[in-house]
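Throughout, protein chains are lettered first and strands after them, A, B, ... in sequence-line order, and every chain is numbered starting at 1. Values reported hereafter were calculated over all heavy atoms of this structure, with side chains retained and with hydrogens, waters and symmetry mates removed.
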2 protein chains.
Amino acid sequence: MTVRPVEVICLEDQQHEKCKLLGQILDRIGDKWTIMAVGALSGGPMRFNELMRRIGGVSHRMLTLTLRGLERDGMVRRTAYPTIPPKVEYELTPLGRSLTEPLAILLQWGEKHSGEIETARNVFDQSRN
Amino acid sequence: MTVRPVEVICLEDQQHEKCKLLGQILDRIGDKWTIMAVGALSGGPMRFNELMRRIGGVSHRMLTLTLRGLERDGMVRRTAYPTIPPKVEYELTPLGRSLTEPLAILLQWGEKHSGEIETARNVFDQSRN
DNA sequence: CTGTATCCTTCGAGATACTG
DNA sequence: CAGTATCTCGAAGGATACAG
């Protein structure tokens with residue numbers, strides 16, 4: 001049994017456990033297609049194929065898996081109408097909508113600092129031939 | 001911190017430009033080790049091996065790659081002391097520290113809603129035997 | 001239209017060993 | 001101590017075909 005230090009500093013003087021939780025959150029919602037799906041649905045309910053067209057570049061299979069994951073986590077509600085051909089609508093739940101707030105803040109950060117990052121990259125890449 | 005309407009995440013008539021930017025941000029900073037490294041460094045400068053011990057479970061190679069990426073993006077400053085054996089210190093730049101703010105907000109969201117997500121998962125898994 | 005199953009390729013990441 | 005280079009394996013994700 002190894003002894004682990006507990007006093008690991010994390011975000012804003014919190015402990016290491018916080019980082020792990022953050023990692024879990026990002027595991028859930030941090031991937032490309034999940035973000036795109038949440039973004040697309042933030043405007044209102046949408047059908048499967050419409051989502052696929054809106055997002056663009058996503059495979060049939062990955063969109064299905066992404067939506068299943070969001071549904072499982074309670075972020076998206078799936079409503080199937082037993083018509084022929086079938087019609088399925090997806091929409092954000094209140095939980096899903098609540099996610100858009102921290103994401104919007106992260107987006108603001110990105111918009112504010114993307115230039116800085118771009119510059120830093122160029123400098124870094126220059127300094128390596 | 002002002003909370004803007006959810007539509008800020010993704011404006012449909014902009015072809016998901018916002019989503020794409022958000023996707024790029026998450027590509028950069030959304031992976032497990034990057035978060036852990038930023039978290040660990042948020043407490044102050046740290047040497048390579050100390051970082052590795054603090055983070056725990058990260059391979060030598062991945063920590064190196066993670067730190068290179070952060071350095072390239074201007075989030076981390078690397079300072080090498082030409083001693084024998086070598087000593088290298090890593091620390092967050094102002095840009096890197098600024099990232100901890102939106103991350104802390106995302107973390108708060110996670111803390112607030114993790115129970116809800118857990119419940120949703122159990123319900124979903126139950127409904128599929 | 002929507003969902004699932006299968007195949008197949010690619011890529012990420014750990015292990016390891018070696019260098020300065 | 002810190003960094004780099006290979007090797008390898010397994011998982012992620014696209015393409016495709018088929019079903020309801």
B:Lys32/A:Asp27 salt bridge by N-O under 4.0 Å criterion: no

Donor-acceptor contact below 3.5 Å, side chain A:Arg97 vs main chain A:Leu92: yes

Closest nucleotide among D:dA2, C:dG3, D:dG3 to the B:Thr64 side chain: D:dG3

Atom pair CD1 (A:Ile35) and CD1 (A:Ile29), whose distance is rounded to the nearest 0.5 Å: 5.0 Å

Phosphate OP1/OP2 of C:dT2 contacted by A:Arg78 side-chain N/O (<4.0 Å): no

Rounded interatomic separation in angstrom, taking CE from A:Met52 and P from C:dG3: 12 Å

Between C:dC11 (C1') and B:Leu65 (CG): distance, integer Å: 13 Å

Salt-bridge present (A:Glu71, A:Arg68; N to O < 4.0 Å): yes

C:dC1 OP1/OP2 closer than 4.0 Å to side-chain N/O of A:Tyr90: no

From D:dG14, D:dC1, D:dG3, nucleotide with atom closest to A:Met62 side chain: D:dG14

Pairwise distance CZ(A:Phe124) to CG(B:Asp73) - rounded to 0.5 angstrom: 9.0 Å

Whole angstrom value for the distance that separates C1' of C:dG20 from CZ of B:Phe48: 15 Å

From D:dA2, C:dC1, C:dT2, nucleotide with atom closest to B:Asn49 side chain: D:dA2

Side-chain N or O of B:Arg47 closer than 4.0 Å to phosphate OP1/OP2 of D:dA2: yes

Check: D:dG14 base within 3.5 Å donor-acceptor of A:His60 side chain: no

Length of the CG-P vector between B:Leu67 and D:dC1, whole Å: 16 Å

Distance in angstrom units between B:Ile84 CD1 and D:dG3 C1', rounded: 15 Å

Phosphate OP1/OP2 of C:dT6: any A:Arg61 side-chain N/O under 4.0 Å: no

Interatomic distance where CE belongs to A:Met46 and C1' belongs to C:dC1 [whole Å]: 16 Å

Closest listed nucleotide, where the reference is the side chain of A:Val88 and the choices are C:dG3, C:dC1, D:dC1: C:dG3

Axis-to-axis angle between the two ends of the helix from C:dC1-D:dG20 to C:dG20-D:dC1 (five base pairs per end, rounded to 10 degrees): 40°

A:Thr119 side chain vs A:Gly115 backbone, donor-acceptor pair below 3.5 Å: yes

Distance, nearest 0.5 Å, that separates CE of B:Met36 from CH2 of B:Trp33: 6.0 Å

Ionic contact status for A:Arg53 with A:Glu50, cut-off 4.0 Å: no

Whole-Å distance separating the CG atom of A:Leu51 from the P atom of C:dC1: 14 Å

Rounded distance in Å - CD (A:Glu50) to C1' (C:dT2): 14 Å

Nucleotide nearest A:Ser59 (side chain, heavy atoms from C-beta), chosen from D:dG14, C:dG3, C:dC1: D:dG14

